[in-house]
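Sequence lines set the chain letters: A, B, ... in the order given, protein chains first and strands last, and positions in each chain run from 1.
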Number of protein chains: 2
Amino acid sequence: MKTIKLIIADDHELFRNGLKELLKKYSDIDVVDCVADGKEFIDVLKNNSELDVVLLDITMPNMDGFEVLNEIKSLNKSVKPIIISMHDEGNYIAKCAKNGAYSYLLKNTDQDELIKIIRIVSGGKKYFSPKISEKMINYMSEQTVSEHILSKKEQEVLELLSKGLTTKEIALKLFVSSRTIETHRANIIKKLEVKNTAELIKKASKINLI
Amino acid sequence: MKTIKLIIADDHELFRNGLKELLKKYSDIDVVDCVADGKEFIDVLKNNSELDVVLLDITMPNMDGFEVLNEIKSLNKSVKPIIISMHDEGNYIAKCAKNGAYSYLLKNTDQDELIKIIRIVSGGKKYFSPKISEKMINYMSEQTVSEHILSKKEQEVLELLSKGLTTKEIALKLFVSSRTIETHRANIIKKLEVKNTAELIKKASKINLI
DNA sequence: TAATATATCCGTATAAATACGGATATAAAT
DNA sequence: ATTTATATCCGTATTTATACGGATATATTA
């Protein structure tokens with residue numbers, strides 16, 4: 001049986017070492033290294049392409065878990081990150097999911113669950129528990145807002161705007177004068193309480209209007 | 001025991017009626033109505049505030065499931081939508097989650113699972129199975145990209161741009177000439193292959209750069 | 001070492017967006 | 001029936017953004 005090569009990256013020594021001891025009992029799991037921050041982990045990663053799984057804390061000095069996730073992606077490494085965090089806020093979870101985490105566990109997860117998930121993830125499957133999913137989804141839906149803030153025309157203009165069309169192009173497309181489109185845009189900007197088009201697109205994107 | 005008042009909204013008559021028959025066997029579930037499209041459902045919803053759960057198809061004539069989810073939110077109704085769909089693509093799932101769905105099931109879900117979830121959701125809890133979560137999360141992470149496309153300065157400029165600062169304001173903030181910021185923006189636009197700032201912000205937002 | 005990416009600066013010209021002002025006709029809501 | 005929201009149009013002035021052109025110094029990478 002092939003063993004699962006695993007690294008622990010966490011800045012709390014006791015947690016890190018405790019976890020290592022705990023994993024020693026499992027013959028299919030091989031804790032090859034323990035590191036105390038993200039930078040250190042990336043250094044190890046660069047010289048080691050045999051790693052299967054990393055148990056990754058979010059809050060660490062030098063380089064935090066989010067940055068590590070990104071770095072793993074840009075280095076094109078196949079190590080599968082499992083986030084182990086004390087934070088159960090939806091935005092943390094969503095951010096990790098977006099950035100390529102294979103799972104997200106809380107630090108009070110029980111041992112059996114942890115082992116189960118290490119095994120699932122080492123096989124290349126992502127696993128987010130219903131409880132964690134629920135938090136993430138609640139956060140995601142909080143961020144959105146009814147489409148009815150904007151009128152149909154405004155919504156249409158916003159859509160085209162976000163596709164990179166200029167005022168004139170939109171006007172041509174909708175068979176009205178550019179002046180009308182300018183007014184529409186001005187009204188949209190006022191409604192969403194932003195300063196200009198750039199901020200508008202960001203906000204519209206955030207609240208799911210486009 | 002309080003019964004769960006439920007509506008089925010699906011444009012396939014056989015599926016709709018079959019489901020109704022199936023749910024009849026459960027004494028805690030009361031199928032109060034069946035409708036064939038989104039518009040019809042919203043009409044029923046407006047005159048009925050006692051509904052607990054709606055089993056909602058996505059592809060329906062007149063008004064699709066996504067629009068229905070939005071309408072439920074804008075009408076401030078407490079009915080909890082469970083999506084029942086044939087599509088298991090991540091983008092569908094993510095969109096439903098964002099728009100307030102309480103669960104997402106495939107049409108081949110087994111009966112016990114369906115009943116279990118109706119009961120969970122009627123109690124006000126969202127439930128997305130690990131399998132469905134996995135699809136959604138895979139989609140979400142596909143949409144993102146390494147932060148290393150842009151240089152640090154470019155990333156910084158993009159960030160400020162998305163906050164609604166003008167070129168001049170950014171230049172002042174970063175102690176360089178406006179011309180430099182203009183160049184940065186032009187380079188960012190080129191790198192992300194977009195036409196202008198509006199499209200840039202949309203894309204940057206989509207691939208998680210801001 | 002040579003090539004490439006980055007960060008900085010400049011000029012000129014045109015196109016586009018923003019900020020004001022005001023107007024009208026229709027539809028929807030109170 | 002009166003108010004409110006929507007969609008449409010116009011003028012003027014200023015500020016920004018875009019599109020070209022080119023240049024230099026410093027890192028980083030191959």
Side-chain angles (χ1 to χ4, degrees), chain A residues 39 42-43 46-47 71 74-76 145-204 209, chain B residues 39 42-43 46 71 74-76 145-204 209-210:
Chain A
K39 191 84 196 59
I42 293 296
D43 287 343
K46 278 181 178 166
N47 302 307
E71 197 63 24
S74 25
L75 293 174
N76 243 310
V145 109
S146 153
E147 281 171 0
H148 294 253
I149 300 174
L150 301 184
S151 71
K152 284 213 162 160
K153 265 279 155 350
E154 286 169 342
Q155 180 69 37
E156 197 178 5
V157 169
L158 174 59
E159 212 86 47
L160 295 172
L161 209 53
S162 78
K163 284 183 179 156
L165 304 217
T166 65
T167 300
K168 204 184 282 178
E169 289 168 332
I170 298 173
L172 276 170
K173 192 157 201 148
L174 302 187
F175 307 106
V176 294
S177 96
S178 318
R179 213 54 230 299
T180 304
I181 303 302
E182 282 172 33
T183 307
H184 282 317
R185 192 188 30 225
N187 291 336
I188 300 170
I189 285 175
K190 198 178 285 171
K191 279 190 183 176
L192 295 200
E193 296 172 298
V194 291
K195 284 202 284 296
N196 55 29
T197 303
E199 199 187 354
L200 167 64
I201 301 293
K202 189 192 173 191
K203 180 150 190 184
L209 249 33
Chain B
K39 191 87 195 60
I42 293 296
D43 287 344
K46 279 181 176 166
E71 197 63 24
S74 22
L75 292 174
N76 241 309
V145 109
S146 152
E147 281 170 1
H148 294 251
I149 301 175
L150 301 185
S151 70
K152 285 213 161 158
K153 264 280 154 355
E154 287 169 341
Q155 180 69 36
E156 196 177 6
V157 169
L158 174 60
E159 210 86 48
L160 296 171
L161 208 54
S162 78
K163 284 184 180 157
L165 304 217
T166 65
T167 300
K168 203 184 284 176
E169 288 168 332
I170 297 173
L172 276 170
K173 190 157 201 147
L174 303 187
F175 307 107
V176 295
S177 96
S178 319
R179 210 56 229 299
T180 304
I181 303 302
E182 283 172 33
T183 308
H184 282 317
R185 193 188 31 226
N187 291 336
I188 300 170
I189 285 175
K190 199 178 285 171
K191 279 191 183 175
L192 295 200
E193 296 171 299
V194 290
K195 284 201 284 296
N196 55 29
T197 303
E199 200 187 355
L200 166 65
I201 301 293
K202 189 193 174 190
K203 180 148 190 188
L209 249 32
I210 48 177

Check the interface with nucleotides 20-23 of chain C: list each N/O to N/O pair with the protein under 3.5 Å, or write none.
residue	atom	partner	partner atom	Å
C:dC20	N4	A:R179	NH2	3.2

Checklist line | Axis-to-axis angle between the two ends of the helix from C:dT1-D:dA30 to C:dT30-D:dA1 (five base pairs per end, rounded to 10 degrees) | finding: 70°

For nucleotides 5-7 of chain D, tabulate all protein N/O to nucleotide N/O atom pairs closer than 3.5 Å, reporting atom names and distance.
residue	atom	partner	partner atom	Å
D:dT6	OP2	A:K191	NZ	3.3
D:dA7	OP1	A:K153	N	3.4
D:dA7	OP2	A:S151	OG	2.2

Item checked: Any residue of residues 160-173 of chain A with a heavy atom less than 4.0 Å from an atom of DNA chain C ->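 By residue number: A:T166, A:T167, A:K168.
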
Next item on the list: Calculate, to the nearest 0.5 Å, the distance between atoms CD1 and CD1 belonging to A:I188 and A:I149 respectively.
Entry: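 Rounded to the nearest 0.5 Å, the CD1-CD1 separation comes to 11.5 Å.
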
Notebook entry, point to check: Distance from A:L158 atom CG to A:S151 atom OG, nearest 0.5 Å?
Noted result: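 It is 10.5 Å, given to the nearest 0.5 Å.
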
Table please: side-chain donor-acceptor pairs of residues 169-178 of chain A below 3.5 Å, with sequence neighbours left out.
residue	atom	partner	partner atom	Å
A:E169	OE1	A:T166	N	2.8
A:E169	OE1	A:T166	OG1	3.4
A:S177	OG	A:R179	N	3.0
A:S177	OG	A:T180	N	3.3

Report the distance from atom [atom1] of [X] to atom [atom2] of [N], rounded to the nearest whole Å.
X: A:R185; N: D:dT16; atom1: CZ; atom2: P; answer: 15 Å
X: B:K190; N: D:dT18; atom1: NZ; atom2: P; answer: 13 Å
X: B:E156; N: C:dT8; atom1: CD; atom2: C1'; answer: 14 Å
X: A:E182; N: C:dA19; atom1: CD; atom2: P; answer: 12 Å

Note to self: For a quick test of reading the model, state the closest non-hydrogen atom pair linking A:I201 to B:A198 and the distance between them.
What the structure shows: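 The answer is CG2-O, 3.5 Å.
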
Review item, nucleotides 26-30 of chain C N/O atoms under 3.5 Å of protein N/O:
none

Margin query: Using the side chain to side chain donor-acceptor pair (under 3.5 Å) criterion, which residues pair with A:E159? Sequence neighbours excluded.
Written below: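 Expected list: A:Q155.
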
Note to self: Using the side-chain contact (heavy atoms from CB on, under 4.5 Å) criterion, which residues pair with B:K163? Sequence neighbours excluded.
What the structure shows: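 Residues passing side-chain contact (heavy atoms from CB on, under 4.5 Å) with B:K163: A:K202.
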
Item checked: Beyond-backbone contact of B:L200 with B:L161, side-chain heavy atoms, under 4.5 angstrom ->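 SC-SC contact between B:L200 and B:L161 confirmed.
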
Note to self: My understanding is that only residues two or more places apart in sequence, or in another chain, count here; which of them pass salt bridge (Lys or Arg N to Asp or Glu O under 4.0 Å) with A:K39?
What the structure shows: A:D43

Mind listing the N/O atom pairs, protein and nucleotides 25-28 of chain D, below 3.5 Å?
none

Margin query: Considering only residues two or more places apart or on different chains, which pairs with a residue in residues 183-200 of chain B satisfy side chain to side chain donor-acceptor pair (under 3.5 Å)?
Written below: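 Those involving residues 183-200 of chain B are B:E154-B:K191, B:T167-B:R185.
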
Note to self: Let's see if you get this right: which residues in residues 194-203 of chain B place a heavy atom under 4.0 Å from DNA chain D?
What the structure shows: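 Heavy-atom contacts with DNA chain D come from B:N196, B:T197.
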
